[in-house]
Number of protein chains: 2
Amino acid sequence: MVLYKYPGALKENGLPISNSLFFQLQKDILQGKLRAGSKLTEQRICEQYEVSRTPVREALRQLEMDGLIENIPNRGAFVIGFTERDIDDMYELRKAYEMQAVRWAIERITDEEMEELEETFEFMEFYTMKKDIEKMLNINIGFHQLIYKASGNRMLRHMLSSYQIYLKNYRLHRIYEDSYLDTVLEEHRMIFEAFKARDTEGAAKAMEKHMNSAIARRMQEKEL
Amino acid sequence: MVLYKYPGALKENGLPISNSLFFQLQKDILQGKLRAGSKLTEQRICEQYEVSRTPVREALRQLEMDGLIENIPNRGAFVIGFTERDIDDMYELRKAYEMQAVRWAIERITDEEMEELEETFEFMEFYTMKKDIEKMLNINIGFHQLIYKASGNRMLRHMLSSYQIYLKNYRLHRIYEDSYLDTVLEEHRMIFEAFKARDTEGAAKAMEKHMNSAIARRMQEKEL
DNA sequence: AGAAATATAATTGTATACAAATATACAATT
DNA sequence: AATTGTATATTTGTATACAATTATATTTCT
């Protein structure tokens with residue numbers, strides 16, 4: 001029987017409060033619940049999430065390093081806004097790193113990881129056929145994450161994961177039509193085939209195409 | 001007259017302790033004073049720097065986001081080591097972003113920034129002639145920082161600055177001979193000329209060459 | 001009224017106390 | 001000797017109290 005636990009709703013997932021707070025605030029900022037330029041008062045966050053200032057401050061430090069807030073000593077934390085151009089830029093930056101990830105991954109992937117990748121791709125084929133968009137969203141992310149992992153570079157992996165989190169929250173309309181699913185599958189197929197053939201530059205090119213396709217889709221969305 | 005101040009040697013530069021601690025620990029890790037895999041006990045850091053746990057924990061959060069330590073909940077913080085390959089990789093990753101920075105900078109640079117860049121380059125010419133290596137080290141950094149700023153992307157700027165900090169600490173022997181100074185000047189000249197001509201791809205190519213030159217230099221150092 | 005000076009409140013920075021989890025030491029058992 | 005269980009110590013997580021700074025309100029003076 002539990003005699004005492006720290007209060008608050010955040011203490012449910014096993015993680016320390018400060019970690020949960022970081023994820024929660026990150027979400028709040030990316031989803032626009034906390035507007036750009038607005039000040040994050042520690043006290044207000046404490047009250048909102050019913051926790052003390054210690055974990056709040058730690059979460060703020062993380063957000064600062066993540067580039068989501070600006071911390072001015074003795075003044076406070078302010079939400080940093082992303083302009084449309086910032087988002088455009090992010091797609092370009094991501095592209096460069098996804099291409100590099102694929103290059104390294106092909107050179108460094110283990111047999112086990114290769115099997116995982118193959119399996120994941122087969123799942124993609126299956127759920128594309130099934131037109132299961134929800135499943136596809138997750139498998140999609142998983143496919144890329146596998147490549148990050150196989151790249152064997154912790155930094156790269158971390159940064160690309162961040163881009164995924166960021167950009168996921170900035171997608172505008174989520175046009176996921178069947179035709180889109182098919183296109184993405186073929187783009188991934190090109191990448192996967194290059195992996196099997198150990199064709200480094202072919203894979204990089206295929207990834208570039210895949211990324212350009214995402215950029216083009218964003219442009220379309222912006223026009224709507 | 002000061003009646004009371006928080007104790008400790010870190011409280012001299014005006015920044016909060018937590019910030020100073022972050023920089024200090026970052027340096028300690030990058031310079032190898034804290035070995036890879038070793039555990040950072042909060043208490044030990046408190047004693048070493050004569051501060052309380054609060055700022056220490058905040059600094060640790062920042063180091064975690066910076067990728068220098070791994071924080072395992074309820075277990076502690078462990079120094080992450082960089083392998084030689086990690087460093088090699090970092091040069092490649094930096095190259096990709098330096099090239100992108102230069103592209104955007106040319107498209108977005110303001111007249112004022114352009115003047116600053118010109119001035120900086122002229123200083124470089126002067127101190128190269130003077131063979132003043134110390135000065136050159138700083139101006140070198142300044143030249144690149146100006147480009148980051150002109151790129152107009154906060155994220156990119158922050159990441160490239162991090163690479164500079166990281167890689168600076170991993171240079172092995174610091175071979176700065178006169179011949180090297182001259183080479184670097186010419187590489188920078190190519191970049192600067194491309195800026196004046198608003199030659200985006202030319203500048204990217206020049207930057208690529210500059211980065212490849214740095215990579216080659218590292219290879220040389222490794223062989224010694 | 002407007003500006004400067006001062007007092008007050010609000011907010012951030014730091015230290016410390018306590019809660020909870022983990023690590024360690026040691027005995028009991030097999 | 002190895003393993004399990006338990007008590008103890010250490011360490012991390014969180015809350016709170018106080019110091020220092022900044023923001024706001026008030027007063028004072030011209």
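Protein chains get the first letters and strands the later ones, always in sequence-line order, with residue 1 at the start of each. Predicted model, so just to flag it, every value in this text is computed and none were measured.
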Asker: Just the rounded figure in Å: distance from P of C:dT14 to CD of B:E50.
Answerer: 15 Å
Asker: To the nearest Å, give me how far apart CZ (B:F78) and C1' (D:dT12) are.
Answerer: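 B:F78 atom CZ is separated from D:dT12 atom C1' by 11 Å.
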Asker: Quiz question: by atom type and distance under 3.5 Å, do the side chains of A:R61 and B:N19 form a donor-acceptor pair?
Answerer: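 Per modelled atom types, A:R61 and B:N19 side chains form a pair under 3.5 Å.
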Asker: Mapping A:R61 and B:P73 onto DNA chain C by nearest heavy atom, which one lands closer to the 5' end?
Answerer: A:R61
Asker: Let's see if you can work this out: which of C:dA15, D:dT12, C:dA23 has an atom nearest to the side-chain heavy atoms of B:R75?
Answerer: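 Of all the options, the side chain of B:R75 is nearest to C:dA23.
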Asker: Could you give the OH-to-P distance, from A:Y49 to D:dT14, as a whole number of Å?
Answerer: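 From A:Y49 OH to D:dT14 P: 16 Å.
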Asker: Rounded to the nearest angstrom, tell me the gap between atom CG in B:N19 and atom C1' in C:dT14.
Answerer: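 It works out to 13 Å between those atoms.
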Asker: Closest heavy-atom contact between B:I165 and B:Q26?
Answerer: CG2-OE1, 3.8 Å
Asker: Could you tell me how far apart A:L15 (CG) and C:dA21 (P) are, to the nearest whole angstrom?
Answerer: 13 Å
Asker: Near DNA chain C, counting only heavy atoms under 4.0 Å, which residues of residues 33-46 of chain A show up?
Answerer: A:K39, A:L40, A:T41, A:E42
Asker: Classify the side-chain pair B:Y180/B:R217 by whether it contains a donor and acceptor separated by less than 3.5 Å.
Answerer: yes
Asker: Is there a side chain to side chain contact (heavy atoms under 4.5 Å, CB included) between B:V102 and B:Y97? Walk through the geometry before answering.
Answerer: CA-CA 8 Å; B:V102 135; B:Y97 275 9; over 6 Å; no
Asker: Among residues 62-71 of chain B, which contact DNA chain C at a heavy-atom distance under 4.0 Å?
Answerer: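 None - not one residue of the stretch has a heavy atom sitting under 4.0 Å from the strand.
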Asker: Rounded to whole angstrom units, what separation is found between the CD1 atom of A:I72 and the P atom of C:dG13?
Answerer: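 Going from A:I72 (CD1) to C:dG13 (P), I get 11 Å.
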Asker: Would you give the length of the straight line joining atom CD of A:E98 to atom CD of A:E208, rounded to the nearest 0.5 angstrom?
Answerer: 12.0 Å
Asker: Check the orientation of A:H144 and A:H188. Use parallel for under 30°, tilted for 30 to 60°, and perpendicular for over 60°.
Answerer: perpendicular
Asker: Hydrogens and angles aside, do B:N138 and B:E134 bring a side-chain donor and acceptor to less than 3.5 Å of each other?
Answerer: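 Checked: B:N138/B:E134 side chains show no N/O donor-acceptor pair below 3.5 Å.
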Asker: Without decimals, in angstroms, what is the distance between B:E47 CD and C:dA15 P?
Answerer: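 For the pair B:E47 CD and C:dA15 P, the rounded distance is 14 Å.
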Asker: I want to check one thing: is the phosphate of D:dG13, taken as OP1 and OP2, less than 4.0 Å away from some side-chain N or O of A:S18?
Answerer: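 Answer no for this pair, as no side-chain N or O of A:S18 is under 4.0 Å from OP1 or OP2.
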Asker: Does B:R53 have a side-chain nitrogen or oxygen under 4.0 Å from the phosphate oxygens OP1 or OP2 of C:dA15?
Answerer: no
Asker: Would you tell me whether A:D28 and A:Q24 have side-chain atoms, one donor and one acceptor, within less than 3.5 Å of each other?
Answerer: yes
Asker: Between C:dT14, D:dT22, D:dA15, which nucleotide has the shortest distance from any of its atoms to the side chain of B:P16?
Answerer: C:dT14
Asker: Figure out the CD1/P separation between B:I17 and C:dT12, and round it to whole Å.
Answerer: 18 Å
Asker: If you find the nucleotide of DNA chain D closest to A:N74 and the one closest to A:S52, which residue's nucleotide is nearer the 5' end?
Answerer: A:S52
Asker: Name all stems that contain residues of DNA chain C, defined as runs of 3 or more consecutive Watson-Crick or G-U wobble pairs, both distances under 3.5 Å.
Answerer: C:1-30 with D:1-30
Asker: Any chance the side chains of A:R108 and A:S151 put a donor and an acceptor closer than 3.5 Å?
Answerer: no
Asker: Go through the steps for B:I141 and B:Q164 under the test side chain to side chain contact (heavy atoms under 4.5 Å, CB included), then give the verdict.
Answerer: CA-CA 8 Å; B:I141 290 172; B:Q164 281 204 344; 3.1 Å; yes
Asker: Stepwise, does the side chain to side chain contact (heavy atoms under 4.5 Å, CB included) test hold for B:Q145 with B:L160?
Answerer: CA-CA 8 Å; B:Q145 291 278 359; B:L160 283 171; over 6 Å; no
Asker: Looking at A:D88 and A:K222, does any basic side-chain N land under 4.0 Å from a carboxylate oxygen?
Answerer: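 A salt bridge links A:D88 with A:K222.
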Asker: Strictly below 4.0 Å: does A:T54 bring a side-chain N or O up to OP1 or OP2 of D:dT14?
Answerer: no
